[in-house]
Number of protein chains: 2
Amino acid sequence: MATTNRAATDRARPAYFAQLATERLDIALCRASSAVARAADAHATEEGLGVGQHLVLQMLDAVGPCSQQALSEELRIDRSVMVSICDDLEQSGHIRRERNPRDRRSYAVTITDSGRRRLAEAQASIPAFLEDTFRVLTPDERGQLSAILGKLLQPGNSGEQ
Amino acid sequence: MATTNRAATDRARPAYFAQLATERLDIALCRASSAVARAADAHATEEGLGVGQHLVLQMLDAVGPCSQQALSEELRIDRSVMVSICDDLEQSGHIRRERNPRDRRSYAVTITDSGRRRLAEAQASIPAFLEDTFRVLTPDERGQLSAILGKLLQPGNSGEQ
DNA sequence: CAAAGATTGTTTGACAGCAGATGATTGGCG
DNA sequence: CGCCAATCATCTGCTGTCAAACAATCTTTG
């Protein structure tokens, strides 16, 4: 099946991507993110709890009842997407949407016992997932990556003035 | 405007995201990528040449005529997306789609002089864009990030068999 | 108190990204 | 040669994401 017999049009493509990745840090970042996001999505599907749903439960458990607005801002999830995430969680009985008596425009989204149990279950599988996804990196490199991403994400870099 | 007078529901949200980002490297990566992608898109729109179009011209200039298939694989752009990218480039006169005489199923996508000029023009603005986007990182950190992303992107990590 | 403006949750429409099916072509194998 | 699998470009439909519009509510200002 033409191991060495490649036409001119077909020849010169050994690892052009590697070169591109070194020149265009932005492209490399996006492609790596796509791969990781795909892995996270696959893991979430297998686990039966969407990534967004997991994050919402985790934040509610950590900081207590929140408005959808607060969840959106802190988790960097669009508020119109947050609606359906909360819809699903509510239908599963993992959260309740109580009205905030101080501001009846907003909800006080509250995690239920069922939600806490589901969260604990999902949390248990995260370390293995992370270990698997970032297996190729040494602990040092993971630390570096975390620090670098932290810098890139600090406010003022893009979007939010 | 309620500087200190925050209700319980509204209180406990100072920088939960920062904590999340340190625990979930995958989420941090995706959020940072979104921000960078948004910046790249804005820059491309301003420049008048889409990111994908730019990458295609750059690869054609570097390695010579290619099939859309080769472009898709090396640039990590879905082949069905590549169709419209090439449609646009062809309509602008920056590439030609000649048939590959050795395999008439595929094209030999070829960059034109117009395309080369356009590419040079677009390339000129890339260094400033990168410098601006990754301004918060030291040269050392940029090197680390490049190396780490290279590792994450090396084949076999996810997806491809 | 009344009017204007801002904020919260929601719905709608547009658009990119991707999986799968299709038509044309090639190569393998009897 | 004639059939079958594989490949390339393309098209179609689905899903997820985002911007903009909307109603309800709060806040500010006169």
Side-chain angles (χ1 to χ4, degrees), chain A residues 1-3 5-7 9-10 13 30-31 33-35 37-38 40-42 44-45 50-53 56 65-90 95-109 158-160, chain B residues 1-3 5-7 9-10 13 30-31 33-35 37-38 40-42 44-45 50-53 56 65-90 95-109 158-160:
Chain A
M1 62 193 76
T3 50
N5 186 8
R6 290 181 173 278
T9 305
D10 206 20
R13 95 171 121 111
C30 291
R31 298 300 186 267
S33 168
S34 296
R38 183 170 296 241
D41 233 41
T45 300
V51 176
Q53 298 183 32
V56 165
C66 283
S67 67
Q68 292 184 190
Q69 173 78 5
L71 290 167
S72 286
E73 282 178 15
E74 285 303 316
L75 300 177
R76 308 293 195 271
I77 296 174
D78 193 87
R79 55 198 172 120
S80 60
V81 174
M82 185 59 68
V83 172
S84 47
I85 292 179
C86 288
D87 281 350
D88 294 344
L89 283 174
E90 188 177 37
I95 63 167
R96 279 193 310 269
R97 286 203 255 217
E98 305 165 349
R99 281 288 170 190
N100 180 350
R102 280 188 190 71
D103 185 345
R104 297 213 312 273
R105 290 170 302 185
S106 64
Y107 291 125
V109 181
S158 69
E160 34 190 336
Chain B
M1 60 195 75
T3 49
N5 186 8
R6 289 180 173 280
T9 305
D10 206 19
R13 96 170 119 110
C30 290
R31 297 300 186 267
S33 169
S34 296
R38 184 169 294 240
D41 233 41
T45 300
V51 176
Q53 298 184 32
V56 166
C66 285
S67 67
Q68 291 184 191
Q69 173 78 5
L71 290 167
S72 286
E73 282 178 14
E74 285 302 315
L75 299 177
R76 309 293 197 269
I77 296 175
D78 193 87
R79 54 207 166 107
S80 59
V81 175
M82 185 59 68
V83 172
S84 48
I85 292 179
C86 287
D87 281 349
D88 294 343
L89 282 174
E90 188 176 36
I95 62 167
R96 279 193 309 269
R97 285 203 255 216
E98 305 165 348
R99 280 288 169 189
N100 180 349
R102 279 189 191 71
D103 184 344
R104 296 215 311 274
R105 290 170 300 184
S106 64
Y107 290 126
V109 180
S158 69
E160 27 195 342

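Proteins come first, then strands; the chains are lettered A, B, ... in the order of their sequence lines, and each starts at number 1. All values below come from the heavy atoms of this structure, side chains included, with hydrogens, waters and symmetry mates left out.
- The nearest whole Å value for the distance from the CD1 atom in B:Ile85 to the C1' atom in D:dT10 is 15 Å.
- One interatomic measurement links the two molecules: CD1 of B:Ile95 to C1' of D:dA9, which rounds to 13 Å at whole-angstrom precision.
- Remark: P of D:dT10 and CG of B:Asp88 are 12 Å apart, rounded to the nearest angstrom.
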Expected rows: protein N/O vs nucleotides 22-26 of chain C N/O, under 3.5 Å:
from: C:dT26; atom 1: OP1; to: B:Arg104; atom 2: N; distance (Å): 3.4

A:Cys86/A:Arg97 under side-chain contact (heavy atoms from CB on, under 4.5 Å): CA gap, chis, key distance, verdict: CA-CA 8 Å; A:Cys86 288; A:Arg97 286 203 255 217; 3.4 Å; yes

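- Summarising the geometry of A:Glu90 relative to A:Ile95, their closest heavy-atom pair is N-CG1, 3.6 Å, with the distance given to 0.1 Å.
- We find that CG of B:Leu71 is positioned 16 Å from C1' of D:dT7, with the value rounded to whole Å.
- For the pair A:Glu98 CD and C:dT8 C1', the computed distance is 17 Å after rounding to whole Å.
- One distance of note links SG of B:Cys66 with CD of B:Glu73; it measures 10.5 Å at 0.5 Å rounding.
- In this entry the distance linking CD of B:Gln68 with C1' of D:dC11 reads 13 Å, nearest Å.
- Within the structure, a side-chain polar atom (N or O) of B:Gln69 is placed less than 4.0 Å from OP1 or OP2 of D:dC8.
- Residue A:Tyr107 places at least one side-chain N or O closer than 4.0 Å to OP1 or OP2 of C:dT10.
- To the nearest angstrom, P of D:dA9 lies 10 Å from CD of B:Glu73.
- Counting to the nearest Å, the P atom of D:dC8 and the CZ atom of B:Arg99 are 13 Å from each other.
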Using a cut-off of 4.0 Å between protein heavy atoms and nucleotide atoms, how would you tag nucleotides 12-18 of chain C 5' to 3' with B, S and -? -----SB

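- Looking only at side-chain heavy atoms (C-beta outward), A:Leu71 and A:Ile77 stay at 4.5 Å or farther from each other.
- Heavy atoms only, all atoms of each residue included: A:Ser33 and B:Cys30 are closest at OG-CA, 3.5 Å.
- In this structure, the side chain of A:Arg99 engages the main chain of A:Arg105 through a donor-acceptor pair within 3.5 Å.
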Begin with the C-alpha distance, continue with both residues' side-chain angles, and end with the deciding distance and a verdict on side-chain contact (heavy atoms from CB on, under 4.5 Å) for B:Ile85 and B:Gln68. CA-CA 10 Å; B:Ile85 292 179; B:Gln68 291 184 191; over 6 Å; no

